[in-house]
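Structure first, then comments.
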Amino acid sequence: MTTRDTYGMIINGRKVTTDQVVEVINPADEAVFATVARANVATVDAAVEAARQAFPAWAATPYSERVATMRKIGDVLKDHADEVGRILTTEQGKVLAEAVAEVVHGSFLAQYLADNVTFDSVVLPSKTGRRLVEHRKPLGVVAAITPWNFPLTLLWIKILPALIAGNTVIVKPAATTPLATVRVVELLNELLPPGVLNVICDDNDLGGTLTSHPGVDKIAFTGSTATGSKVMASAAPTIKRITLELGGNDPAIVLEDVDVADAAGRVYAAATLCTGQVCLAAKRIFVPSTMYDEFCNELVRHAKAEVVGVGSDPATTMGPMQNAMQYEKTLGYLEDAHQSGTVIAGGAVIDGPGYFVAPTIVRDIPDSARLVREEQFCPVVPVLSYDDLDDVVARANDTEYGLGATIWGRDLDRAFDVAMRIESGMVWVNQHMDFDFGVTARGAKHSGIGGELGKEGYDAFTQAYVVDQTGW
Ligand code: NAD
């Protein structure tokens with residue numbers, strides 16, 4: 001953490017405050033440790049105006065200069081990884097190494113974009129011999145709206161491609177995790193012209209004002225499906241471009257040829273990373289009945305070995321829940337776990353200040369239980385048994401979500417075959433959340449629209465124009 005405890009927003013290159021603040025709580029002790037200036041409608045207008053004013057010059061800046069700026073962004077993020085990581089751990093709760101990794105991720109993506117991504121004009125294949133050329137131009141003002149689980153990782157994949165493509169940006173972080181975002185926007189403003197990158201902070205009340213603003217051209221949003229639906233509606237009147245990365249209820253399907261100890265360790269990690277608060281966490285674990293007892297026992301072993309505590313303590317392996325609302329929701333899932341299934345590890349919150357929950361494994365729970373049907377977003381993990389592969393594929397797909405999935409098996413052909421039958425945007429075999437900056441991540445069904453990263457994700461910050469250059 002830095003020594004100051006009052007953060008301002010950044011608009012048009014300047015620190016902006018209002019007569020109101022949002023208090024930021026450390027989820028490890030529930031104490032307010034900082035405040036951030038709180039935006040009002042006039043602040044949103046000012047941010048949009050600044051971004052609009054800055055857009056023509058930034059869009060006209062030669063691409064090579066934006067690439068050079070991207071390289072400097074990569075260096076600055078690398079140099080400040082520890083400082084920003086500490087801010088992130090304090091506001092988010094996650095273990096420090098994971099918080100620092102979020103900052104470093106931005107440095108890597110900036111470097112990757114500078115080295116690999118262009119928006120060059122392309123001559124399109126024409127069956128009639130015409131010369132059809134597709135050009136790409138930036139869209140204008142991008143609103144980048146992020147949730148509280150990965151405040152920086154999900155920020156980079158929006159703002160860095162948006163900026164290199166020539167757009168200007170207004171960032172709106174989640175109300176409970178604004179500080180690391182404000183700090184990086186401040187740092188990046190030392191490299192960017194005023195108004196190119198702005199940040200406003202709210203008390204979870206101004207997202208709609210921003211997404212319906214006529215001065216915003218594109219919304220890059222990550223959050224819940226319920227909010228994503230509202231974003232779509234508010235974007236409709238002015239036909240804004242939208243990218244939505246939404247909720248998930250990812251199945252992990254274990255096949256009967258796995259090494260139980262090895263697979264259980266990996267599945268446990270996939271379910272409990274970031275205290276289970278991951279869109280792509282394994283949220284329903286399907287295990288063959290022949291190895292169900294053994295697999296459950298292995299999961300229990302991992303849950304009991306977890307050191308739950310303050311994220312900045314090097315001994316900690318699992319931090320607290322991020323906020324009071326999610327903690328309260330978790331109480332409901334714990335109650336459901338006790339009522340609908342058999343709790344074999346954890347099963348309760350941990351006494352004392354801080355939103356701490358004991359990692360919880362639940363077996364013998366029906367697919368109809370709330371814990372299975374809903375996106376629990378907490379370290380309460382339901383383990384379900386199956387006897388028939390077709391049946392388990394149908395159960396895995398029996399959800400409105402389609403974000404991710406994992407398949408675990410030694411016979412890779414069989415595992416790939418199962419993977420092909422899962423209705424999700426991303427399916428990993430024997431690994432979890434291995435991303436490639438060159439590959440688009442996207443959700444199927446109610447888990448999103450459009451995608452981030454990869455050519456599709458980068459091009460989504462541009463408008464394509466086709467010019468018929470055939471001439472006479
Ligand atoms: P949320 O939808 O409550 O909030 C996300 C952001 O939207 C916040 O900044 C919030 O202030 C803002 N917001 C709230 N109301 C808005 C409105 N009407 N218009 C515009 N913006 C508004 O989500 P959350 O609770 O912060 O995050 C958890 C959810 O995010 C989970 O469902 C999780 O699965 C999802 N998520 C998805 C991905 C992905 O890549 N698909 C990644 C991380 C999290």
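Remember, it's 1-based here, ligands and their atoms both numbered in the order they're listed. Fair warning: this is a prediction, and the values are worked out from it, not measured in the lab.
At a heavy-atom cutoff of 4.0 Å, ligand 1 is surrounded by I145, T146, P147, W148, N149, L154, K172, P173, A174, N204, G207, G208, T211, F221, T222, G223, S224, T227, K230, V231, E245, L246, G247, G248, C279, E375, F377, L403.
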Exercise for review: Check step by step if salt bridge (Lys or Arg N to Asp or Glu O under 4.0 Å) holds for D367 and R395.
Suggested key: CA-CA 8 Å; D367 289 14; R395 289 163 68 193; 2.7 Å; yes
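Y268 has its ring centre no less than 6.0 Å from the ring centre of W408.
Geometric assessment of R370 against the ring of Y333 yields a positive cation-pi assignment under the 6.0 Å and 45° thresholds. In this structure, K172 forms no cation-pi arrangement with F221, as its terminal cationic atom is not both closer than 6.0 Å to the ring centre and no more than 45° off the ring axis. The cationic group of K218 lies under 6.0 Å from the six-membered ring centre of F461 and within 45° of the ring axis, placing it in a cation-pi geometry.
Partners of D115 under the salt bridge (charged side-chain N to carboxylate O under 4.0 Å, His left out) rule, at least two apart in sequence or in another chain, are R71.
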